[in-house]
Amino acid sequence: MTHFIAFVALALSIDTAHAEIPPRPDELSKAYEAALTELRAGEDRQSIADRLKPVVEKYSASNYARIARPFLIDLIASAKIPPATSDDPLEKRLADSRVPFQLVKNAGNWDRSLQAFVEKEVTDSVAQLVVADRKVISRLVPLLADRSPVRCDDLSEAFDLKRMTSQPRVCDVALALIEYHAKARFHHDTIQGTYLHQLPDAEREEVAERVTAWWADVKEKSVVAGVRAQLVHGRSYPETVWMATTLARLAEGQETDDREFALNVLREMVKEHRHNHVGAYAANELAELGDTSAVDIFYDEWKLWLGRGGLIHDPQIAFYLCAHGGRREWELLHAISLAELRDARGPAAGDVWAHAVSSREAGTNPYAIPILGLALDRTGYVGSHRIQDNSLEYSSADTACEKFQKQVGKDFEHRNDGLASDRLAAIKKAQAWWDDEGKAKYCFDYIEKEMVPANSASSRPNR
């Protein structure tokens, strides 16, 4: 069985970032891992269950019991089902699929990695269901109640993801295939990484009922109509944003209002969540679709905040304004930064000046120069950079100086791999020049007139 690691960008979605650190291995974890290895190898399910059961009973207090016990229950139930044969319908053979589940679960893998699997594992049931017509959803919906463990290979070990992962069940794979064909989301837990089979019975049944009702309504309609029908039923903001973005792209060029409908969903999310990362998340997707109207919303909101103490500016909004803002937005970021630095607030407080300095645009957008100049006295160590074989302690001033000297076209001899003493000397040289000459020269009027191309997005008054 090929793991396709060479092909996989492995878009494991946000859930892996929130995955818990697993407890220390014990006898139950070893028995559980052995059972998974045997299942994936195609050994008799009842025999696997017989070996695992006494260990589960003996170590019922183990932290791994909450994942091993449900697996054992579902494995025993699946052992009572006669093994599928090559003559059975594809959906009846789903428990024997070897697909690495993340390939079909996560949309980021659909184009390249999943297709590579389909091309190489042509007899696998998932591979054949992927290439089947969208109408195959009718055959998959009944499987949303099937908790049989699937022989899915696991990519988490290959990518050294140290977490306790539940083995996918048939219902999980069926739902992933439905979402693949539907281009819509019905359950995609990006916070806890919970699979469908791990939901409480009532919630799992709710998902199945929604899929059933949705399919009854749209099975004779287009994919676009199906996405639009489900969009208003998104269970979380990542689902809603993903579906709105998908709908906008699918509807591009069509003589319908579907694209505008999708864009409006994202715009309303920005307005509703103008204070936090949810709004920034929607705004970034809008920008990918060519709409930067969120700049005005965030600017107006932060402008109202100016001068008010104790406020927390969301870092994702700061990064968004750095990426898509023009002079007006950078002047506001600069004004906020001045206030923060007067209060001696540093990177640990998550302040705007620190986000602006660390943004990619700080190294390319001339409007960032005044903020870089402000940060040249922030020489306290905030982290480390890996340079070749060494890990060097680094300050915000280091980051600012490296970008600053490129922006103003002067070499203050700051080098990323330099000794701390040499880097500090370069920072002080840059700071002295900024105080004596640069600050007076690099005002926003000068930057706009001399450094920003007249036809660039950054030069526009409202951008």
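Worth knowing before you read on, the calculation uses all heavy atoms, side chains too, and leaves out hydrogens, waters and symmetry mates. What you see is a predicted model; the values in this text were computed from it and never measured.
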Between Arg151 and Gln167: side-chain donor-acceptor atoms closer than 3.5 Å: no
CD1 on Ile81 to CZ on Arg45, rounded to 0.5 Å: 8.0 Å
Matching residue for Leu177 among Leu94, Val136, Ile137, Val99 - test: side-chain contact (heavy atoms from CB on, under 4.5 Å): Leu94
Enclosure of Asp111 CG (heavy-atom neighbours >12, cutoff 6.0 Å): no
Residue Arg360 excluded, over 12 heavy atoms near CZ under 6.0 Å: no
Side chain Asp88, main chain Ala84, donor-acceptor under 3.5 Å: no
Spacing of Arg134 atom CZ and Ile178 atom CD1 [to the nearest 0.5 Å]: 11.5 Å
Audit row: Tyr195, Cys171, side-chain contact (heavy atoms from CB on, under 4.5 Å) steps and yes/no: CA-CA 9 Å; Tyr195 294 166; Cys171 60; over 6 Å; no
Side chain proximity check, Leu103 to Arg112, heavy atoms < 4.5 angstrom: no
Shortest non-hydrogen contact from Ala282 toward Leu266: CB-O, 3.9 Å
Audit row: Asp50, Gln46, side-chain hydrogen bond (donor to acceptor under 3.5 Å, both in side chains) steps and yes/no: CA-CA 6 Å; Asp50 290 342; Gln46 187 59 59; 2.9 Å; yes
Val130/Gln115 under side-chain contact (heavy atoms from CB on, under 4.5 Å): CA gap, chis, key distance, verdict: CA-CA 9 Å; Val130 164; Gln115 299 310 315; 4.2 Å; yes
Flag, side chain of Trp110 to backbone of Tyr180, donor-acceptor distance under 3.5 Å: no
Working for side-chain contact (heavy atoms from CB on, under 4.5 Å), residues Ser337 and Asp351: CA-CA 8 Å; Ser337 298; Asp351 287 335; over 6 Å; no
Non-hydrogen atoms of Met243 and Arg185 that approach each other most closely: SD-N, 3.3 Å
Smallest separation among heavy atoms of Ile48 and Glu43, with atom names: CD1-O, 3.7 Å
Inter-residue atom distance Glu91.CD - Arg93.CZ, 0.5 Å rounding: 9.5 Å
Minimum heavy-atom distance Ala182-Val227, with the two atoms named: O-CG2, 3.5 Å
Step-by-step side-chain contact (heavy atoms from CB on, under 4.5 Å) determination, Leu289 to Arg259: CA-CA 10 Å; Leu289 296 166; Arg259 180 177 171 84; 4.2 Å; yes
Verdict with reasoning, Ser395 to Asp398, per side-chain hydrogen bond (donor to acceptor under 3.5 Å, both in side chains): CA-CA 5 Å; Ser395 67; Asp398 279 302; 3.0 Å; yes
No-hydrogen, no-angle side-chain donor-acceptor test under 3.5 Å, Ser148 and Asp146: yes
Residues forming a salt bridge (Lys or Arg N to Asp or Glu O under 4.0 Å) with Lys303, sequence neighbours excluded: none
Heavy-atom closest pair, residues Asn365 and Cys322: ND2-O, 4.5 Å
Any side-chain heavy-atom pair of Asp172 and Leu175 under 4.5 Å: no
Donor-acceptor pair, side chain of Ser222 and main chain of Ala225, under 3.5 angstrom: yes
Smallest separation among heavy atoms of Val150 and Ser97, with atom names: CG1-O, 3.6 Å
Gap between atom CG of Leu333 and atom NE2 of His313 - 0.5 Å precision: 9.0 Å
Atom pair NZ (Lys183) and NE2 (His181), whose distance is rounded to the nearest 0.5 Å: 7.5 Å
Side chain to side chain, Lys105 and His188, heavy atoms closer than 4.5 Å: yes
Test of ring centre spacing under 6.0 Å for Tyr59 and Tyr64: no
Short N-O contact, Glu252 and Arg249, less than 4.0 angstrom: no
Salt-bridge criterion met for Glu27 and Lys30 (N-O under 4.0 Å): yes
Min side-chain heavy-atom separation Pro149-Leu39 under 4.5 Å: yes
Close aromatic pair by centroid cut-off 6.0 Å: His275 and Trp305: yes
Under 3.5 Å: donor-acceptor pair, side chain of Arg274, backbone of Ile297: no
Short side-chain to backbone donor-acceptor contact, Trp214 and Gly226, under 3.5 Å: yes
Test item: Arg423 side-chain N/O and Gly418 main-chain N/O as donor-acceptor pair under 3.5 Å: yes
Within-4.5 Å side-chain heavy-atom neighbours: Ser166 and Phe71: no
Arg169/Asp74 salt bridge by N-O under 4.0 Å criterion: yes
Asn106 side-chain N/O to Gly108 backbone N/O, donor-acceptor pair under 3.5 Å: no
Check: Gln254 side chain, Ala251 main-chain N or O, donor-acceptor pair, under 3.5 Å: no
Sidechain N-carboxylate O distance under 4.0 Å for Asp153, Arg98: yes
side-chain hydrogen bond (donor to acceptor under 3.5 Å, both in side chains) assessment of Gln198 paired with Arg204: CA-CA 8 Å; Gln198 294 175 295; Arg204 190 171 62 254; over 6 Å; no
Close side-chain approach of Lys406 to Glu402, heavy-atom, < 4.5 Å: yes
Lys403 side chain vs Ser359 backbone, donor-acceptor pair below 3.5 Å: yes
Centroid separation Tyr237 to His277 less than 6.0 Å: yes
Full working for side-chain hydrogen bond (donor to acceptor under 3.5 Å, both in side chains) between Thr256 and Asp258: CA-CA 5 Å; Thr256 67; Asp258 291 310; 2.9 Å; yes
Trp353 and Leu372, any side-chain heavy atoms less than 4.5 Å apart: no
Aromatic Phe186 / basic Arg235 pairing, under 6.0 angstrom, 45° off normal: no
CZ-CG distance between Phe101 and Asn109, expressed to the nearest 0.5 angstrom: 11.5 Å
Beyond-backbone contact of Asp291 with Arg267, side-chain heavy atoms, under 4.5 angstrom: yes
Donor-acceptor contact present, side-chain Asp44 to main-chain Ser47, <3.5 Å: yes
Within 45° cone of Phe117 ring axis and under 6.0 Å: Lys120 NZ or CZ: no
